Amino acid sequence: MAVTSHALRRTVLPQGMLARVVFWAVVAVNVLIVWTLFVAAGPGKNSILTVAKFFGLHVALLMMLQFVLVARLPWLDRRIGMDRLTAWHRWVGFGLLWTVLLHASFVVVGYATLGDDPIIGTFFALAGVPASLLGICAAAIIVAVAAVSIRYARRRLPYEVWHALHLAVYVVLVLGLLHQYKETTTFKASSFATAYWWTAWTLVITALVVGRVGLPVWRNVYHRFRVAAVVPESPNTVSVYVTGRHLDRLPARAGQFFIWRFPGHNGWFQANPFSLSAAPDGRSLRLTAKAVGRTSAGLRRLPVGSRVFVEGPYGAFTNLTRARRDTVLIAGGVGITPIRALLEESTQSTVVLYRVATPANAVLLDEIQQLVQDRGARLHLLTGRTGAGSPPNAPFEPGSLHALVPDIADRDVYVCGPPAMTNTVLRGLRALRVPRAQVHSERFGLGG
């Protein structure tokens with residue numbers, strides 16, 4: 001009996017789910033090891049200081065986790081995605097804040113109880129001890145970074161300013177390591193405990209340095225990226241073609257993005273995440289951007305031949321994380337760029353839903369139409385003002401999605417567009433009971 005391709009499930013665990021299982025299993029194993037060593041080390045000077053030590057160990061564990069989440073390790077990033085890893089980093093960061101405050105509070109109260117001294121006096125006495133002062137300074141920086149990371153503050157700071165302030169976490173790393181070296185008792189209880197603790201920190205720091213510095217620098221030195229052409233696509237949209245050496249060895253996939261810097265045209269801290277708007281072909285890379293900020297608006301004036309510094313490729317918005325054979329690609333506005341690249345790689349049944357105000361606003365529409373024709377796909381150009389007309393124009397409500405793609409629950413769905421549109425689509429997919437493993441969304445921005 002014949003079976004349609006969209007009904008065929010993959011027999012293996014999707015790569016994204018596998019990566020999440022492996023990652024959190026490794027975290028859980030390390031937590032269990034730390035708990036075991038904590039118990040084996042015995043109690044502190046009193047019960048309150050024992051609790052303080054327990055929270056202190058978890059401060060260090062959360063710091064390790066924080067740095068791994070932003071190390072941009074290729075294996076994790078390609079399967080989980082930078083947006084999800086960044087979201088985890090954000091919530092772990094607030095957990096770190098409260099754990100730091102609990103650790104500090106129990107330390108002060110514990111020593112005050114031990115010496116029968118007032119709490120304020122105990123705090124200043126501890127501040128006079130170099131090892132404790134290192135911890136106090138690290139805690140103060142964590143509180144400050146957490147304050148500027150609150151959503152209200154984050155939305156009112158330019159990304160470059162927020163990013164510069166966020167770099168203070170590397171000062172926390174140094175202060176924290178010095179504090180642990182001078183204060184730690186749990187991991188001086190045995191040679192195994194000492195070896196485990198500092199090996200873990202060595203691996204974390206190595207991953208951070210390699211992922212954030214080593215790999216990007218090596219790739220730019222090796223590939224020597226340059227601007228090859230600048231092509232206006234519409235009055236407010238431009239495509240930039242970038243070439244370099246040995247691009248066939250660059251592990252980029254359709255749907256991924258790079259963080260782009262143009263040193264001779266913009267300042268170093270002016271970095272933008274732009275998706276590839278064409279599948280990598282081993283000869284050039286193409287980004288397509290709408291003029292919504294100073295950096296993207298200035299792309300039209302990029303001199304051909306100018307240097308480009310790129311970080312990446314990043315993102316799990318690729319076929320690697322697919323759970324089904326057939327797909328629905330949903331784009332809004334300039335979110336069409338990674339969708340267009342994914343369509344170029346399509347070999348199975350594909351439906352494209354492209355949401356724009358008017359056909360004139362549809363960037364890369366001619367290319368999309370040609371790719372749809374070449375691959376036997378279907379394109380629905382969804383225009384008009386949301387909520388207008390009778391019945392109201394609501395293309396991403398559950399009923400509308402089902403009418404456009406009746407078998408949507410049997411397909412992987414890729415969504416890229418403005419946040420409001422993306423959220424509406426995701427709500428519609430949940431209402432239609434599309435499994436989470438089949439839903440892939442790309443959100444704009446670096447700062448979470």
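As a basis for the values below, the full set of heavy atoms in this structure was taken, side chains included, without hydrogen atoms, waters or symmetry mates. Values in this document were obtained by computation on a predicted structure and should not be read as measured data.
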> Would you call the rings of W218 and Y222 parallel, tilted or perpendicular if under 30° counts as parallel and over 60° as perpendicular?
Replying inline: parallel

> With under 30° as parallel and over 60° as perpendicular, where do the rings of F94 and W91 fit, or are they tilted in between?
Replying inline: tilted

Are the side chains of [X] and [Y] in touch, meaning some heavy atoms are under 4.5 Å apart?
X: Q256; Y: P251; value: no
X: S349; Y: D407; value: no
X: D410; Y: D326; value: no
X: E397; Y: T424; value: yes
X: F225; Y: F258; value: no

When rounded to the nearest 0.5 angstrom, what distance separates [atom1] in [X] from [atom2] in [Y]?
X: R433; Y: I408; atom1: CZ; atom2: CD1; result: 15.0 Å
X: R253; Y: L276; atom1: CZ; atom2: CG; result: 12.5 Å
X: L65; Y: W88; atom1: CG; atom2: CH2; result: 9.5 Å
X: M64; Y: I205; atom1: CE; atom2: CD1; result: 8.5 Å

Backbone N/O of [Y] and side chain of [X]: donor-acceptor pair under 3.5 Å:
X: R219; Y: G312; answer: yes
X: T327; Y: T350; answer: no
X: R286; Y: S277; answer: yes
X: Q438; Y: R411; answer: yes
X: N46; Y: I48; answer: yes

> For the rings on F317 and H440, is their centre-to-centre separation under 6.0 Å?
Replying inline: no

Residues 106-133 side chain polar contacts: donor-acceptor under 3.5 Å, at least two apart:
unit_1, atom_1, unit_2, atom_2, d
T113, OG1, V109, O, 2.8
T122, OG1, P118, O, 2.8
S132, OG, E183, OE2, 3.4

>> Under a plain distance cut-off of 3.5 Å, with no hydrogens placed, do Y196 and N30 share a side-chain donor-acceptor pair?
In response: yes

> Would you call R212-E311 a salt bridge at under 4.0 Å N-O?
Replying inline: no

